[in-house]
2 protein chains.
Amino acid sequence: MDTPVNLRMTKQRQVILDELRKMHTHPTADEMYRLLRKRLPKISLGTVYRNLEVLSDCGLIQKIEVAGTQKRFDGNASHHHHVRCAQCSRLEDVYVDVDAEMDQKVSRLTEFDVSMHRMEFVGVCPSCKVAANA
Amino acid sequence: MDTPVNLRMTKQRQVILDELRKMHTHPTADEMYRLLRKRLPKISLGTVYRNLEVLSDCGLIQKIEVAGTQKRFDGNASHHHHVRCAQCSRLEDVYVDVDAEMDQKVSRLTEFDVSMHRMEFVGVCPSCKVAANA
DNA sequence: CTACTTGCAAAAAATTTGCTGCTAT
DNA sequence: ATAGCAGCAAATTTTTTGCAAGTAG
């Protein structure tokens, strides 16, 4: 899958980007596919996978690589982290950051050239807390 | 897959735990399977999956949920983080931790009851650095 | 034009499961 | 004895790919 030299903004690609940007959940490829078919009834799952891949290679979206089997995608391309509910798997954005020297500290410790990090917090979301007290 | 009331330490389970504990890499189920067949030629891949699941449910090992499609497992059950090589996917342990108040800070921000976090650093490992300069 | 992309269908990769006989406790 | 497990093979789930026809630039 060598990335092509010139990327085109096709209808499909545009709609994928568009929809993903207005969602604040973090859908899987399959969830995107089901949603997209409302606007593009003939889109194929392969196209969805290919475009999510391309868009995240370009940095227009993020591939979220945290817990769980399925990949998830995030229309918010800025640096941020996630909280996951241990009970219902809900995933939300978190805008905190660890101290800026952490990457360098890890570089020294491990001899890797560390360039970024991801963080996932795990806990119980507000609605599952309520459910637990019911 | 309801966890049984009484777990048994079968030969297979013991060997899986044993081998995983002495590795300092973080194998996938399939990598474990190939390794295990040296000691248990008849073990099946299904058994490997089932046991890695059970052992991590018990807290005897960790299921590492970081980047990538495949699940990975870690014989070291203590709290620690990981560095991944962006080029060769090598995964190593990191013993740094973020400040202890981070979980609480995120709890306040998100209204989740945050109880833990995972962190993954991404970079280039020593051998890939050498390869890049060759 | 023509390199890139699509839809479709088939393949591959990763994981889970049903079942029958074996085994740890 | 018996609940729990193993091995095997088949099924599911998730992701990737080959190909022929369509399209953005």
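The model shown is predicted, which means the values in this text are computed figures rather than measured ones. Numbers restart at 1 for each chain; the letters A, B, ... are given by sequence-line order, proteins then strands.
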Under-4.0 Å side-chain N/O to phosphate OP1/OP2 contact, K71(A) with dT13(D): no

Sugar-phosphate, base or nothing in reach of D30(B), heavy atoms under 4.0 Å: nothing

E19(B) atom CD, over 12 foreign heavy atoms within 6.0 Å: yes

Close aromatic pair by centroid cut-off 6.0 Å: H81(B) and H117(B): yes

Nearest-angstrom distance from the residue atom NZ of K63(B) to P of dA14(C): 17 Å

Rounded interatomic separation in angstrom, taking CG from N51(B) and P from dG4(D): 15 Å

Euclidean distance, atom CD of residue Q12(A) to atom P of dC4(C) [Å, nearest integer]: 17 Å

Y49(A) vs dT15(D): side-chain N/O to OP1/OP2 distance below 4.0 Å: yes

Toward the 5' end of DNA chain C, by each residue's nearest nucleotide, M9(A) or T10(B): M9(A)

5'-most by nearest nucleotide on DNA chain D - R8(B) or I43(B): R8(B)

d(CZ, R50(A); C1', dT17(D)) in whole Å: 8 Å

Distance in angstrom units between L17(B) CG and dC5(D) P, rounded: 14 Å

Nearest-angstrom distance from the residue atom NZ of K11(B) to C1' of dG4(D): 18 Å

Atom-to-atom span, OH of Y33(B) to P of dA6(D) - whole angstrom: 14 Å

Sugar-phosphate, base or nothing in reach of T47(B), heavy atoms under 4.0 Å: base

Touch class at under 4.0 angstrom, heavy-atom based, for L45(B) against every strand present: base

Whole-Å gap separating C1' (dA14(C)) and CZ (F73(B)): 11 Å

With L40(A), the side-chain contact (heavy atoms from CB on, under 4.5 Å) member among V15(A), V48(A), L35(A), I16(A): V15(A)

Greater than 12 external heavy atoms within 6.0 Å of K63(B)'s NZ: yes

Atom CD of E31(A) with >12 non-hydrogen neighbours under 6.0 angstrom: yes

